[in-house]
Amino acid sequence: MSDPKKRAERRKQHTAEIEASQDSLRQSIAETERLVGESDEMLRRHRKECDDDDA
């Protein structure tokens, strides 16, 4: 049978790892959203420049 202290330590370690992983995922999502926003803005700017050139 496993030692209750070791189980508690493992549970605590797993919780810390999950929290760190979720934090990393949140940061990655935020960076992706920022990059998508920048890309959208760049595409709008390029479309406007092309439209201005055609006019």
Residue pairs involving residues 7-27 (criterion salt bridge (Lys or Arg N to Asp or Glu O under 4.0 Å); sequence neighbours excluded):
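As it turns out, there is no salt bridge (Lys or Arg N to Asp or Glu O under 4.0 Å) pair with a partner in residues 7-27 once direct neighbours are skipped.
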
Which residues pass the side-chain contact (heavy atoms from CB on, under 4.5 Å) test with T32, not counting sequence neighbours?
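Checked T32 against side-chain contact (heavy atoms from CB on, under 4.5 Å); matches are S28, V36.
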
Pairwise distance [atom1]([X]) to [atom2]([Y]) - rounded to 0.5 angstrom:
X   : Y   : atom1 : atom2 : value
H46 : D51 : NE2   : CG    : 13.0 Å
L25 : I18 : CG    : CD1   : 13.0 Å
E38 : L43 : CD    : CG    : 12.0 Å
K48 : D52 : NZ    : CG    : 4.0 Å
R45 : R47 : CZ    : CZ    : 12.0 Å

